[in-house]
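What follows is a single structure, written as C-alpha cells, with notes after it.
For this chain, numbers begin at 1 and follow the sequence in order.
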Amino acid sequence: EALDVMCVKGNGASISALRESGVDAADVLIAATSMDEVNMVCCLTAKRLGAKYTIARVRNVEYAMELSLLKEALGIDLVINPENAAAAEIARLLRFPPAANLETFCRGRVELIGFRVREEDFLVGHPLSAQSGQLQSLPMLFCAAERAEGDVVIPDGSFVPQVGDRLYLIGQPTGLTAFFRLLGRHNPRCRNVFLVGGGRIAHYLTAILERLGIHVKIIERSLDRCRHLSEVLPKATVICGDGTDQELLEEEDVTASDAFVALTDRDEDNLIISLYAMQRKVAKVVAKCNRQNYTGIVRDLGLDSVISPKLFTANQILHIVRGMQNSKGSVMSTLYRIADGGAEAAEFVVNETTRHLGTPLKDLRLKKGILVAVIVHQGRTIIPEGSSTIELGDTVIIISSNQGILDINDIFDDSILDLGAGNQ
C-alpha cells in the first residue's frame, strides 16, 4: 500500500518461497532480515537458484572478522554491516568536529562536509562572489545548500547564505580545514569521548577510536554487556548504569568530554540526552536515530550530527543498483545522498564512452542542477574552472539536485549542442 511493491509471504531462506518470488530471474537479491544466518543462507540459496548478484546484511561482530571467507564460501557478492558503517562515519565526524556530516572520495583525497550557518559567520548576508578574495586560494568549493525551509539548490556566485542554511563544501582536506579556521570553528582533535549505549556500534566505534589514541568512556545499562565490553575493549572505561539519568551523567563529568555520542536502542532517548549534552556545552554531539521524521525537528534545535544506520544500508544498496543500471558507461565508484536526499554526490571514473573529452567546461552545456565539483587528473586534485577539461582516466565528482545520474554523460544537455551543430 505504501510503496507499490509485490510482496510474497514466506521464509526468505526457503527454496520454495524464493522460487515463488522469481529469484531465478533476479538481477539483485537483498537479504536484510534481523538474523545474519538467515541472510547468509538466503544468499547462498538464491545464488544456486540463479540470482545474478546477492547482498547480505551481516551485523554480528564475530562474523565481521571472517567476511572474506564467508563471501567466498556462500556466494555473497556484497556484505553490508550498517553498525560498522555508522561507527566509521561517527569516527570521521569526531576527527573533524566542525562538520555536521563528512563524506570521503578518491580514497580520502577529497572530502565533502556539511555545516550549519551561524549568525556570527562572515558569510551571512553576502553573495558567495563577494567572498572570493578570502576564499580564492583555498582548494574547495561550495557545492550545495539546503535552505532553512528545506529547499536544496546548487549555489552560484549570486547565492547569499543566511542564518540556518546548511552549506556543503567539497575539496581537499587542507582547504576545508583552512576554511573552518577562517570561520573560527576549528576545534582541537577529540581526546576523550563519552558514549551512552554499549551495542554493536559502540563496540566498533571504540575499537576505531582506541587505534587513534582517543580515550573512550561507555555507559551501558546491561551488566552482562558491560562485562563483555570490558573483556574485548580493555582500554575503555565501561560503567554499568542508565545513560539517560542526568545525575549519573553529571557524576561521570560529561562536560569534561570533547565529544558525546548517544547510541542506545531508543531514538527518543538518544535525541533527548544529546540535547542535554549540547545544553552542557559539550563541543561535539552525535546521536543515532533511524526515524527520519525526528531528524528535522532536532536539527531545528541545533543538533546537526544525526546518524542513521538504516540509511547507510539503503545508500550502499542504491549505489550498487545504480552502478548495475549503467554497466556499459563510466564507472560510478562512490555515491552519497546529501541534504536529506535533496542532492547527490557521485564519483565517476572517465572511460572511452564519455563524450566531450578535452572540451573546456565553459564550452559545454550542462543540465540544470548539475555541478562538476572536482576533477582528479593524474593524481592532482583540481577544483574546476571554465578552462578545465575532462580527460580519459580522470576521476570526476558530480553534484546533482533532483536527478538520478547513472552515467557521467547524463550531465550534458546535448539537445542544445546538437541544435547548434545542425544550424552550422
Under 6.0 Å from the [atom1] atom of [X], do we count more than 12 heavy atoms belonging to anything else shown?
| X | atom1 | result |
| --- | --- | --- |
| Asn293 | CG | yes |
| Glu62 | CD | no |
| Ile15 | CD1 | no |

Decide if the gap between the ring center of Phe179 and the ring center of Phe115 is smaller than 6.0 angstrom. yes
Heavy atoms only: give me the nearest [X]-[Y] pair and the separation to one decimal.
| X | Y | value |
| --- | --- | --- |
| Ser305 | Val285 | CB-O, 3.6 Å |
| Ala32 | Asn39 | N-OD1, 3.6 Å |
| Tyr168 | Ile338 | CE2-CB, 4.0 Å |
| Asn270 | Leu263 | OD1-N, 3.5 Å |
| Arg109 | Val376 | NH1-CG1, 3.7 Å |
| Ile383 | Ile170 | CD1-O, 4.3 Å |

When you compare the side chain of [Y] with that of [X], does any pair of heavy atoms fall below 4.5 Å?
| X | Y | result |
| --- | --- | --- |
| Ile370 | Ile399 | no |
| Arg59 | Pro82 | yes |
| Arg337 | Leu318 | yes |
| Leu70 | Met40 | yes |
| Leu94 | Leu209 | yes |
| Leu195 | Ile219 | no |
| Met332 | Leu335 | yes |
| Ile398 | Phe348 | yes |

Cut-off 3.5 Å, side chains only: do [X] and [Y] have a donor facing an acceptor?
| X | Y | value |
| --- | --- | --- |
| Glu347 | Tyr336 | no |
| Asn351 | Thr353 | yes |
| Ser308 | Asn290 | yes |
| Tyr63 | Asn81 | no |
| Thr313 | Asn315 | no |
| Gln131 | Ser129 | no |
| Gln172 | Thr381 | no |

[X] side-chain N/O to [Y] backbone N/O, donor-acceptor pair under 3.5 Å:
| X | Y | answer |
| --- | --- | --- |
| Asp410 | Asp407 | yes |
| Ser21 | Leu18 | yes |
| Lys217 | Asn192 | no |
| Arg57 | Thr33 | yes |
| Thr54 | Gly75 | yes |
| Lys284 | Pro97 | yes |
| Glu220 | Val238 | no |
| Asp242 | Thr244 | yes |

Indicate yes or no: does [X] engage [Y] in a salt bridge with an N to O separation below 4.0 Å.
| X | Y | answer |
| --- | --- | --- |
| Arg166 | Asp304 | yes |
| Asp258 | Arg191 | no |
| Lys47 | Asp77 | yes |
| Arg95 | Glu111 | yes |
| Arg118 | Asp121 | no |
| Lys52 | Asp27 | yes |

Walk me through whether Leu167 and Phe142 qualify under side-chain contact (heavy atoms from CB on, under 4.5 Å). CA-CA 7 Å; Leu167 295 186; Phe142 292 94; 3.9 Å; yes
In Å, rounded to the nearest 0.5 Å, how long is the span from [atom1] of [X] to [atom2] of [Y]?
| X | Y | atom1 | atom2 | result |
| --- | --- | --- | --- | --- |
| Asp269 | Lys288 | CG | NZ | 11.0 Å |
| Arg92 | Ile113 | CZ | CD1 | 10.5 Å |
| Glu37 | Met35 | CD | CE | 5.5 Å |
| Leu303 | Ile297 | CG | CD1 | 12.0 Å |
| Leu311 | Gln316 | CG | CD | 11.0 Å |
| Thr264 | Ile272 | OG1 | CD1 | 10.0 Å |

Over 60° means perpendicular and under 30° means parallel, so classify the ring planes of Phe194 and Phe260, tilted if in between.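 Because their plane-to-plane angle is under 30°, the rings of Phe260 and Phe194 count as parallel.
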With side-chain contact (heavy atoms from CB on, under 4.5 Å) as the test, would you mind laying out the steps for Glu146 and Asp165 before giving the verdict? CA-CA 6 Å; Glu146 183 182 3; Asp165 288 352; over 6 Å; no
Between Val160 and His126, does a side-chain contact (heavy atoms from CB on, under 4.5 Å) hold up when you go through it step by step? CA-CA 5 Å; Val160 180; His126 305 289; 5.8 Å; no
Let's go through Ile307 and Phe312 carefully: what are the C-alpha distance in whole Å and the side-chain angles of both, what is the deciding distance for side-chain contact (heavy atoms from CB on, under 4.5 Å) to 0.1 Å, and is it a yes or a no? CA-CA 9 Å; Ile307 301 298; Phe312 285 131; 3.4 Å; yes
Keeping to residues at least two apart or across chains, list the side chain to side chain donor-acceptor pair (under 3.5 Å) pairs with something in residues 228-241. His215-Thr237
Using the rule side-chain contact (heavy atoms from CB on, under 4.5 Å), only one of Leu182, Leu128, Leu141 pairs with Leu135; which is it?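 The passing option is Leu182.
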Set out, in order, the CA-CA distance, both residues' side-chain angles and the distance that settles side-chain hydrogen bond (donor to acceptor under 3.5 Å, both in side chains) for Thr389 and Glu391, then state yes or no. CA-CA 6 Å; Thr389 60; Glu391 305 292 347; 2.7 Å; yes
